[in-house]
There are 4 protein chains.
Amino acid sequence: SAAPTFKPIHTRRTFEEICERIREQLALGVLKPGDKLPAERELAQQLGVSRNVLREALRSLEMAGVLKLQKGVKGGAFIQQGDTRRMNEVMRDMLSLGTISVRELSEARVHVLDLVVQLACANARRADLDALEANIERTELATKEGRLLDRVECSREFYKLLAASTGNKVIAMIVDSVTEIHMRFVYAKVASSGVAMARLAEKRRQ
Amino acid sequence: SAAPTFKPIHTRRTFEEICERIREQLALGVLKPGDKLPAERELAQQLGVSRNVLREALRSLEMAGVLKLQKGVKGGAFIQQGDTRRMNEVMRDMLSLGTISVRELSEARVHVLDLVVQLACANARRADLDALEANIERTELATKEGRLLDRVECSREFYKLLAASTGNKVIAMIVDSVTEIHMRFVYAKVASSGVAMARLAEKRRQ
Amino acid sequence: SAAPTFKPIHTRRTFEEICERIREQLALGVLKPGDKLPAERELAQQLGVSRNVLREALRSLEMAGVLKLQKGVKGGAFIQQGDTRRMNEVMRDMLSLGTISVRELSEARVHVLDLVVQLACANARRADLDALEANIERTELATKEGRLLDRVECSREFYKLLAASTGNKVIAMIVDSVTEIHMRFVYAKVASSGVAMARLAEKRRQ
Amino acid sequence: SAAPTFKPIHTRRTFEEICERIREQLALGVLKPGDKLPAERELAQQLGVSRNVLREALRSLEMAGVLKLQKGVKGGAFIQQGDTRRMNEVMRDMLSLGTISVRELSEARVHVLDLVVQLACANARRADLDALEANIERTELATKEGRLLDRVECSREFYKLLAASTGNKVIAMIVDSVTEIHMRFVYAKVASSGVAMARLAEKRRQ
DNA sequence: GTGGTCTAGACCACA
DNA sequence: GTGGTCTAGACCACG
């Protein structure tokens with residue numbers, strides 16, 4: 001018979017295996033936010049690994065925002081609430097490593113915002129609308145008074161509120177992450193032109 | 001005279017300090033993707049820390065997709081292109097931690113896929129279309145021959161190809177991450193309804 | 001005169017020679033279970049062979065259950081007590097290679113179990129009976145609570161305890177090896193009829 | 001909630017992973033006795049491992065009797081027919097490592113033989129009975145002529161034929177392995193007493 | 001022979 | 001007492 005083909009082997013390192021186990025317990029609901037893992041020394045013994053390797057795993061999960069390590073006698077490794085800001089970090093790193101481009105990010109943002117507006121129109125609740133309206137007023141005031149940086153801040157807040165109005169945290173997370181980067185560029189632009197305007201104003205006073 | 005104010009001391013953990021140093025070199029352009037860091041033992045000595053601590057730092061950067069550690073005599077720590085799979089982990093963890101729900105994920109997936117189809121139609125190139133068509137053929141074959149798990153695998157691949165056809169890696173990353181989780185559920189469902197493999201094997205030998 | 005007869009020459013491979021040497025030391029009582037061999041590098045030098053060849057030899061002996069290789073600063077190659085699980089591998093391989101059939105295995109299992117029950121009745125000690133009783137309780141609990149996979153695990157443990165109760169490790173090894181394969185089939189069957197775990201997990205979190 | 005308990009982690013070494021893969025293909029029936037594995041270099045590339053590690057795996061499977069490595073132009077790694085003698089080796093090693101005792105072995109042998117006789121009576125075919133009868137005649141002849149060692153050899157053959165008469169290779173393998181060791185003791189005893197008898201005969205001649 | 005991985009056990013800083 | 005840090009030395013894998 002024909003020689004079978006074999007897939008490449010990937011031997012997991014010990015700490016990866018440990019991460020996987022803990023994430024499993026999480027997915028199964030055995031571990032929930034707020035829970036505390038056994039002490040490092042004890043857990044290491046339970047898993048039959050050295051403390052160093054266990055620490056590599058815990059560090060990894062801490063970086064991922066899954067755990068929070070606290071020192072002291074009442075300390076330990078605690079399961080955390082999910083942190084929606086992690087996606088922002090991913091986007092930022094992708095950009096700075098050149099994996100994605102500003103053009104792709106902007107394009108994606110336009111399309112996703114289009115989607116967000118539709119969803120927000122369909123699902124926004126009273127409180128969402130009130131918050132949006134209040135934000136718009138603040139924005140107009142800042143515009144009229146020429147507080148440019150405040151205006152940018154209002155704008156960022158606007159998108160955050162809009163995202164929340166969709167009632168879908170996945171969508172919200174996505175749009176937040178791309179908007180966050182977009183606004184950083186806007187902020188930088190405005191800040192630099194702000195300096196120019198300040199000089200202009202000063203000149204005019206002379 | 002005014003009492004001097006002291007900034008709170010934040011004793012960074014050693015490995016965080018190391019991460020920072022390496023990221024600095026990256027931001028300064030001294031290190032670029034593809035570059036190789038000194039060997040563990042040597043770098044540890046250069047930094048004046050133990051190899052364990054250095055490993056914690058390297059591990060962090062590897063998790064963040066900045067580095068890739070390779071074994072062997074030609075091995076070492078290499079600066080990497082960004083890793084698209086990080087977003088999958090984020091999604092998975094958010095779900096596990098209960099920050100987002102399956103309902104939100106499914107809903108988001110439907111809307112994002114809608115967007116993806118539009119973009120793919122507009123931007124797909126010849127090679128993309130060929131790959132999609134080949135995938136569809138494989139899927140039909142698997143369906144006809146009753147290879148259920150293979151069919152699921154084809155399906156997963158289909159969405160990946162579709163995402164790539166948009167020509168926008170940001171969009172692709174997003175749809176990949178939500179689809180990955182979706183397919184995990186599908187896979188579990190199909191696998192649980194699978195037949196006993198052992199009997200089949202015995203039959204084949206006869 | 002009669003033509004002389006020559007015995008076929010068997011050029012031993014180096015690693016076989018090394019295995020033989022170590023087994024000799026074992027048979028002579030120079031090495032005993034628990035003893036530690038010199039470090040890889042040193043032993044390789046003593047024997048005048050490369051580390052790779054030595055590793056092959058140590059690997060062979062580890063597979064044969066004679067050695068146990070442990071990592072770390074207190075690690076090394078330690079002479080071990082015999083490993084009962086080797087017979088399981090033999091059974092599994094015989095089945096895979098088609099030397100024995102599932103039918104023969106099942107038949108053998110029935111007859112051997114019959115024997116085991118007799119011996120266990122005759123020789124079981126207080127501790128054995130206690131362990132069996134505790135196992136039965138766990139089994140009933142798992143049954144009542146519908147934890148199917150746990151129930152299978154209990155069942156496997158039951159046969160192990162029963163085998164141990166005979167007070168004869170040879171008999172125990174035999175019944176363990178055939179039961180192991182039997183339970184593998186049972187496990188596969190039960191697992192394939194399992195419910196979706198993910199939904200359960202989500203429910204638990206709510 | 002209560003801290004969950006974690007099971008010990010077992011990180012497989014690369015060569016163990018490879019063995020597992022090959023055994024899987026075997027269990028699934030993709031590989032069958034007589035099949036040839038890809039060449040070392042190619043297989044190593046397919047698996048993404050170094051040749052050294054692959055060799056460790058192949059060696060391991062050769063020791064286990066699953067593979068046979070042949071040198072030369074038409075050489076390679078061939079899947080073998082299962083070798084029933086492997087269980088003998090296991091028994092012998094267990095005994096020499098002190099895991100099992102002679103007492104346990106003898107006891108087990110008595111009980112298993114009891115079982116074998118029953119099964120042989122029920123399942124023996126004409127050819128089996130003929131072979132047994134021929135063996136008995138040879139035995140009687142050897143006894144009458146005082147060829148003690150030949151008599152032992154006949155006895156060993158008798159048990160082998162009896163085992164084969166059960167029509168169950170699993171049972172046969174088991175009884176063969178325990179009988180093999182038993183007969184070694186008998187052989188040693190007879191051989192030493194044979195020397196004594198030979199001297200006696202010599203004395204008588206004087 | 002080089003470099004990555006893992007281990008045991010120690011000491012320190014903290015709450 | 002907990003996490004944080006560190007060391008020396010062993011196996012594991014590569015070319």
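All values derive from a computational prediction rather than experimental measurement. By convention in this document, chain letters (A, B, ...) are assigned in the order of the sequence lines, proteins followed by strands, and residues within each chain are numbered from 1.
- Between the CZ atom of D:Arg13 and the C1' atom of F:dA10 there is a distance of 13 Å, given to the nearest Å.
- At whole-Å resolution of the value, CD in D:Glu16 and C1' in E:dT5 are 15 Å apart.
- Residues D:Thr11 and A:Glu16 fail the side-chain proximity criterion, which asks for heavy atoms closer than 4.5 Å.
- Following rounding to the nearest Å, A:Gln45 (CD) and E:dA8 (P) show an atom-to-atom distance of 10 Å.
- Rounded to whole Å, the distance from CG on A:Leu54 to C1' on E:dA8 is 15 Å.
- Of the side-chain N and O atoms in A:Thr14, one or more sit less than 4.0 angstrom from OP1 or OP2 of E:dC6.
- In this structure, D:Leu69 CG and D:Arg55 CZ are separated by 8.5 Å, a value rounded to the nearest 0.5 Å.
- Put simply, the side chain of A:Arg21 gets close to the backbone of D:Lys7: a donor and an acceptor are under 3.5 Å apart.
- Base contact: B:Glu40 has a heavy atom under 4.0 Å from a base atom.
- Remark: P of F:dG3 and CZ of A:Arg59 are 11 Å apart, rounded to the nearest angstrom.
- Both B:Val49 and C:Gln70 lie near DNA chain F, and the one whose nearest nucleotide falls closer to the 5' end is B:Val49.
- Using a 4.0 Å cut-off, some side-chain N or O of C:Arg55 falls inside it from OP1 or OP2 of F:dC12.
- Residue A:Leu43 contributes atom CG, which lies 12 Å from atom P of F:dT2 at whole-angstrom precision.
- F:dC12 and E:dG3 make up a base pair, with Watson-Crick or G-U wobble contacts both under 3.5 Å.
- Atom NZ in C:Lys36 sits roughly 12 Å away from atom C1' in E:dA8 (whole-Å rounding).
- Position along DNA chain E of the nearest nucleotide to A:Gly72 versus A:Gly48 favours A:Gly48 as the more 5'-ward residue.
- Within the nucleic acid shown, D:Val53 comes within 4.0 Å of sugar-phosphate atoms alone, with no base atom in reach, counting heavy atoms only.
- Not one side-chain nitrogen or oxygen of B:Arg41 sits closer than 4.0 Å to the OP1 or OP2 atom of E:dG3.
- Closest to the side chain of C:Asn52, out of F:dC14, F:dC11, E:dA10, is F:dC14.
- Place C:Pro38 and A:Leu69 on DNA chain F by their nearest nucleotides, and A:Leu69 ends up nearer the 5' end.
- Taking CZ of A:Arg13 as the reference point, atom SG of A:Cys19 lies at 10.5 Å (rounded to 0.5 Å).
- Taken to the nearest 0.5 Å, the CZ atom of A:Arg92 stands 10.0 Å off from the CG atom of A:Leu95.
- What separates CG of B:Leu47 from C1' of F:dC6 is a distance of 15 Å, to the nearest Å.
- In the set E:dT7, F:dC6, F:dG4, the nucleotide with an atom closest to the side chain of A:Arg51 is F:dG4.
- When distances run from any side-chain atom of A:Lys71 to the nucleotides E:dG3, F:dG9, F:dG4, the shortest one goes to F:dG4.
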